[in-house]
Amino acid sequence: MARQDDDFKRVISHAKEYGYVFQSSEIYDGLSAVYDYAQNGAELKKNIREYWWKAMVQLNENIVGIDAAIFMHPTTWKASGHVDAFNDPLIDNKDSKKRYRADVLVEDHVAKIESKIEKEVAKAAKRFGDTFDESQFLATNQRVVDYQEQATAILKRLGKSLADEDLADVKKLIEELDIACPMSGSKNWTEVKQFNLMFGTKLGATAESAMDLYLRPETAQGIFVNFLNVQKTGRMKIPFGIAQTGKAFRNEIVARQFIFRMREFEQMEMQYFIKPGTQQEWYETWKKTRMKWHLSLGLGKENYRFHDHEKLAHYADAASDIEFRFPFGFKELEGIHSRTDFDLGSHEKYSGKKLQYFDHETRESYVPYVVETSIGLDRMFLAVFSNSLQEEELENGSTRTVLKLPAVLAPTKAAIFPLVKKDGLPEIAQEIIEDLKWDFNVDYDEKDAVGRRYRRQDAAGTPFCITVDHQTLEDKTVTIRHRDSMEQQRVAISEVKAIIHKEVDMKSWLMKMG
Ligand code: ATP
């Protein structure tokens, strides 16, 4: 745990030091769980968004993108179920005055039991060596079987009490499991209460005429209410998708994990409208497709896993998370949900307008079913950033800090250095910049020894450094240094653009999705 904490602290301080993420309103001591993206962060975020948008919209003839407003008619949130059901159960510790999500306290307790199982497996694997059969061990080792049963029973009971809104039982469960406040160790808990996560605001000038509004807690509803407009004006045929990226707002009870859980964040969502009865097939297809998108970025297959939900949201008939190994363990990065006709059906009811699709072949109308993919842009940023930050031992015994961002996402693609600040070298470096800037973000640096400039660019995540030296004056060549291998090549200035292009071109990265 201590190592994980240190790794995570390093990620947060590196994000600040290299101009990726700042605390919001820092000069006023910040605002809890609200962050600003800095000069490099804004670029990385934009590149991730573009990588997603191209994969979803540009590469799929039957998916189009929209940009709906953050404010929506308040009835939207009645229809979607958010007014009545977008609650988290909260509990306070009376001694430490810390507030927690009651379900998360129980889930963390289960995670501890699961890590005991993992430890037993690791121990046994070591003892038995090549002959170790993990599934047999899991099924037959009494201690592991007991742990597993405990974990399942706890989750089942939690699921049932939440579904029944039996908050007294959630509290009882916390007491029975002897769960203590992680900050203080105290077990002196308040009752469990429901807390709605939507931010309210008002529209209108005078108190009497003002209308109560909410800041949208998800982007999806902007797509549902526009379903028919898009279908008709785009002459879309089922199956088709509508994609969107944009801000969402949730008054999270506990928000202590940097940009993992924010109160203002950005989502990238796609709702895929399908014929009822085909949802299972599309759900499986989108699970696979989205995983391929993730894997194309090369962050390592072992860092992803699916987590299929047993406890389903009010709108879903199947749901799965793509979890990523963050510095604090595996956590949800993206959700894939089979939402049935819940949303469109409910908007029909509340608006009194038909939201149906007319199938010209079968000559029938129906409310389509929906499979959605929903990923947090900020969580994706954290996944990419934390996974890329590495400390490397070098051959000469020293270490370097390097941010091995996938080159396609890196904020700056190349830094151009004159070896010295004289003899016409800065001018040539500027000429190279003038040529490259039309294709890529590039940076100029003439301060300090070249070795230090390399280190700075490594830490900022720049995939290429190009050095202009005295030989350049003679033969128009430069050295190009690769961030990850640290390999240096002597190449003609005229070749530089193509070399960079080959590594950063979005098309070739996207093609890895297969
Ligand atoms: P969690 O269980 O972590 O609260 P959720 O299941 O409520 O998340 P969804 O409503 O499915 O999340 O939202 C889809 C995606 O939006 C999530 O997979 C996540 O990447 C992102 N997301 C949700 N809440 C936040 C938040 N507070 N900050 C940043 N990203 C978020």
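We count ligands from 1, going down the list as the structure has it; atoms in each ligand are counted the same way. Computed from heavy atoms alone, side chains included, the values below leave out hydrogens, waters and symmetry copies.
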Original post:
Does Glu266 have a non-hydrogen atom less than 4.0 Å from ligand 1?
Top reply: no
Original post:
Taking heavy atoms and a distance under 4.0 Å, where does Gln267 meet ligand 1: side chain, backbone, both or neither?
Top reply: side chain
Subject >> For Glu252, the ligand 1 atoms whose distance to one of its heavy atoms is below 4.0 Å >> reply: 24 (N), 26 (C), 27 (N)
**OP:** I would like to know whether Lys156 and Glu149 meet salt bridge (charged side-chain N to carboxylate O under 4.0 Å, His left out); could you show each step before the answer?
**Re:** CA-CA 10 Å; Lys156 209 164 159 198; Glu149 277 172 7; over 6 Å; no
**OP:** Fit a plane to each ring of Phe224 and His347, take the angle between them on a 0 to 90° scale, and name the class: parallel (under 30°), tilted (30 to 60°) or perpendicular (over 60°).
**Re:** tilted
Original post:
Got the closest protein heavy atom to atom 28 (N) of ligand 1, with its distance?
Top reply: Met262 N, 2.9 Å
Subject >> Ring centers of Tyr37, Tyr20 separated by less than 6.0 Å >> reply: no
Subject >> Sub-4.0 Å atoms of ligand 1 with respect to non-hydrogen atoms of Glu334 >> reply: 18 (O)
**OP:** Check the side chains of Ser161 and Asp166 for a donor-acceptor pair under 3.5 angstrom, ignoring hydrogens and angles.
**Re:** no
Original post:
Can you say whether the rings of Tyr304 and His294 are parallel (under 30°), tilted (30 to 60°) or perpendicular (over 60°)?
Top reply: tilted
Original post:
Which bit of Arg261 gets closer than 4.0 Å to ligand 1, counting heavy atoms only: side chain, backbone, both or neither?
Top reply: both
Subject >> atom 30 (N) of ligand 1: nearest protein contact (heavy atom, Å) >> reply: Phe265 CD1, 3.4 Å
Subject >> Shortest protein contact, atom 29 (C) of ligand 1 (heavy atom only) >> reply: Phe260 O, 3.2 Å
Original post:
So which bit of Leu333 gets within less than 4.0 Å of ligand 1, heavy atoms only: side chain, backbone, both or neither?
Top reply: backbone
Original post:
So, are Glu323 and Arg305 salt-bridged, with charged N and O less than 4.0 Å apart?
Top reply: yes
Original post:
Hey, would you say the Phe8 and Phe326 ring centroids sit under 6.0 Å apart?
Top reply: no
**OP:** Mark up the atoms of ligand 1 that fall under 4.0 Å of a heavy atom belonging to Ser374, in ascending order.
**Re:** 13 (O), 14 (C), 15 (C), 18 (O)
Subject >> Distance from atom 21 (C) of ligand 1 to nearest protein heavy atom, with residue and atom >> reply: Gly376 CA, 3.6 Å
Original post:
Evaluating non-hydrogen atoms only, which member of Glu372, Met268, Glu332 is closest to atom 17 (C) of ligand 1?
Top reply: Glu332
**OP:** Assign the ring pair Trp293 / Tyr51 to parallel, tilted or perpendicular, where the plane angle (0 to 90°) is split at 30° and 60°.
**Re:** tilted
**OP:** Could you find the nearest protein heavy atom to atom 19 (C) of ligand 1 and give me its residue, atom name and distance?
**Re:** Arg379 NH1, 3.5 Å
**OP:** For Asp443 and Thr412, test the side chains for any donor-to-acceptor distance below 3.5 angstrom and give the result as yes or no.
**Re:** no
**OP:** Using a 4.0 Å heavy-atom cut-off, say whether Arg263 meets ligand 1 through its side chain, its backbone, both or neither.
**Re:** neither
**OP:** Could you find the nearest protein heavy atom to atom 7 (O) of ligand 1 and give me its residue, atom name and distance?
**Re:** Arg250 NH1, 3.1 Å
Original post:
Do Ser80 and Gln221 get their side chains close enough for a donor-acceptor pair, meaning under 3.5 Å?
Top reply: no
